[in-house]
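Here is the structure we will look at, set down as structure tokens.
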Amino acid sequence: MSHVPVLLKEAIDFLAVRRGGTCIDATVGLGGHSYEIANRLGAPGHLIGLDKDPAALAIAREKLAPHQPDWPEVTLLNRSFAEIAKGQKASSVDGILADIGVSSLQLDNAARGFSFQADGPLDMRMDPRSERTAEQVVNHLDERQLADVIYEFGEERRSRRIARAICRSRPIHTTAHLADVISAAARPMNQAERRIHPATRTFQALRIFVNRELDDLKALLEAAPKILKPSGRVVVISFHSLEDRIVKDALREGAQHGYFSLLTKKPVTATEEESDRNPRSRSAKLRAAERI
């Protein structure tokens with residue numbers, strides 16, 4: 001499976017990985033960023049990788065198996081990055097990286113239900129053990145609740161119209177059916193809207209809601225300064241404005257309270273070359289801070 005880690009060089013540069021240190025990749029995914037971190041940690045180091053998705057961890061485990069004698073201890077844990085502090089002593093970590101978003105493994109597998117590009121069940125769970133699926137949300141929330149979810153987590157201005165159309169079309173069991181319902185209810189009004197599929201924001205909203213992504217991100221950012229050593233760094237890559245706002249506010253607040261020094265005044269974005277090579281990187285924003 002081809003997987004291209006986003007903003008790889010920039011993320012590794014800002015992490016400033018020290019040989020023999022302890023780093024946490026809070027979203028290990030398919031192990032792209034982790035592999036580069038492990039290379040720099042060397043045998044005295046410790047890499048801890050977290051992921052909600054057991055399928056991703058299985059692939060990462062292969063990628064991060066010892067490749068050479070000078071390879072760090074690698075611990076992979078099937079858990080949300082909200083639990084980043086679990087089992088960690090205060091001021092014990094040199095670096096934290098979190099690449100927030102859906103991996104190609106999830107998007108490209110129609111059976112996971114993340115994408116409207118291929119028909120599949122309305123699932124969208126990053127952790128298959130969690131109870132709430134997108135199908136349950138779509139079919140059981142009342143119209144007002146559904147509109148609020150679509151507006152709050154998708155920043156979709158036509159949320160009420162879309163929620164009404166969904167409720168009238170119930171039951172909806174597949175991604176293609178849902179995308180058709182949304183497309184009929186929210187036809188693009190102008191050229192700018194035609195560039196983005198009408199279902200994009202609603203699918204984003206459902207995914208964030210199902211996986212409690214924003215709550216988990218807040219928990220990660222709250223825990224980071226507690227477990228980082230002085231001079232330890234946190235680097236977060238986000239993919240839409242809701243996440244970026246949370247990261248920006250948390251790091252700025254940390255700077256105001258005197259426990260963070262900001263390393264990025266503005267978010268770092270992909271170069272033109274990377275954007276051409278990997279379209280997913282176009283919306284990526286990286287922010288970083290150092291523990292004082």
Quick one: do Val247 and Leu15 end up in the same hydrophobic cluster if we chain Ile, Leu, Val, Met, Phe, Trp and Tyr together by side-chain heavy atoms under 4.5 Å apart? no
Determine whether Val210 and Thr133 make a side-chain contact, defined as any pair of heavy atoms from C-beta on separated by less than 4.5 Å. no
Determine, for Asp127 against Arg125, whether the closest basic-nitrogen to carboxylate-oxygen distance falls under 4.0 angstrom. no
For the residue pair Ile166 and Ile150, establish whether any side-chain heavy-atom pair is separated by less than 4.5 Å. yes
Are the side chains of Glu274 and Val6 in contact, using a 4.5 Å heavy-atom criterion? yes
Cationic tip of Arg280 within the cone over Phe239's six-membered ring, i.e. under 6.0 Å and within 45° of the normal? yes
Tell me whether the rings of His257 and Tyr259 are parallel (<30°), tilted (30 to 60°) or perpendicular (>60°). parallel
Does the side chain of Asp148 come within less than 4.5 Å of Leu141's, by heavy atoms? no
Under a 3.5 Å distance rule, please check whether Arg207 uses its side chain to pair with a backbone N or O of Phe114 as donor and acceptor. no
Can a salt bridge be assigned to the pair Lys9 and Asp13 using a cut-off of 4.0 Å between side-chain N and carboxylate O? yes
Establish whether Ile24 and Leu41 are linked, either directly or via other cluster members, by ILVMFWY side-chain heavy-atom contacts under 4.5 Å. no
Are Phe260 and Val268 linked, directly or through intermediate hydrophobic residues, by side-chain heavy-atom contacts shorter than 4.5 Å (ILVMFWY only)? no
Output all residues satisfying side chain to side chain contact (heavy atoms under 4.5 Å, CB included) with Pro44, sequence neighbours left out; order by chain, then residue number. Arg19, Asp70
Taking 4.0 angstrom as the limit, do Glu155 and Arg245 come out as a salt bridge? yes
Please answer whether the main-chain N or O of Arg187 pairs with a side-chain N or O of Arg158 as donor and acceptor at a distance below 3.5 Å. yes
Would Lys285 and Asp244 pass as an ion pair if we require N to O under 4.0 Å? no
Does some side-chain heavy atom of Met126 sit less than 4.5 Å from a side-chain heavy atom of Glu213? yes
Mind checking whether His197 and Phe203 have ring centres under 6.0 Å apart? no
Hey, does Glu152 have a side-chain heavy atom less than 4.5 Å from the side chain of Phe209? no
Side chains of Leu122 and Thr175, heavy atoms from C-beta outward: is any pair under 4.5 Å? yes
Could you tell me whether the side chain of Gln88 reaches within less than 4.5 Å of the side chain of Ile48, counting heavy atoms only? yes
Using modelled atom types only, decide if a donor and an acceptor are shared between the side chain of Lys52 and the backbone of Asn211 within a distance under 3.5 Å. yes
Asp142 with Arg144: basic N within carboxylate O range, under 4.0 Å: no
Salt-bridge criterion met for Glu36 and Arg40 (N-O under 4.0 Å): yes
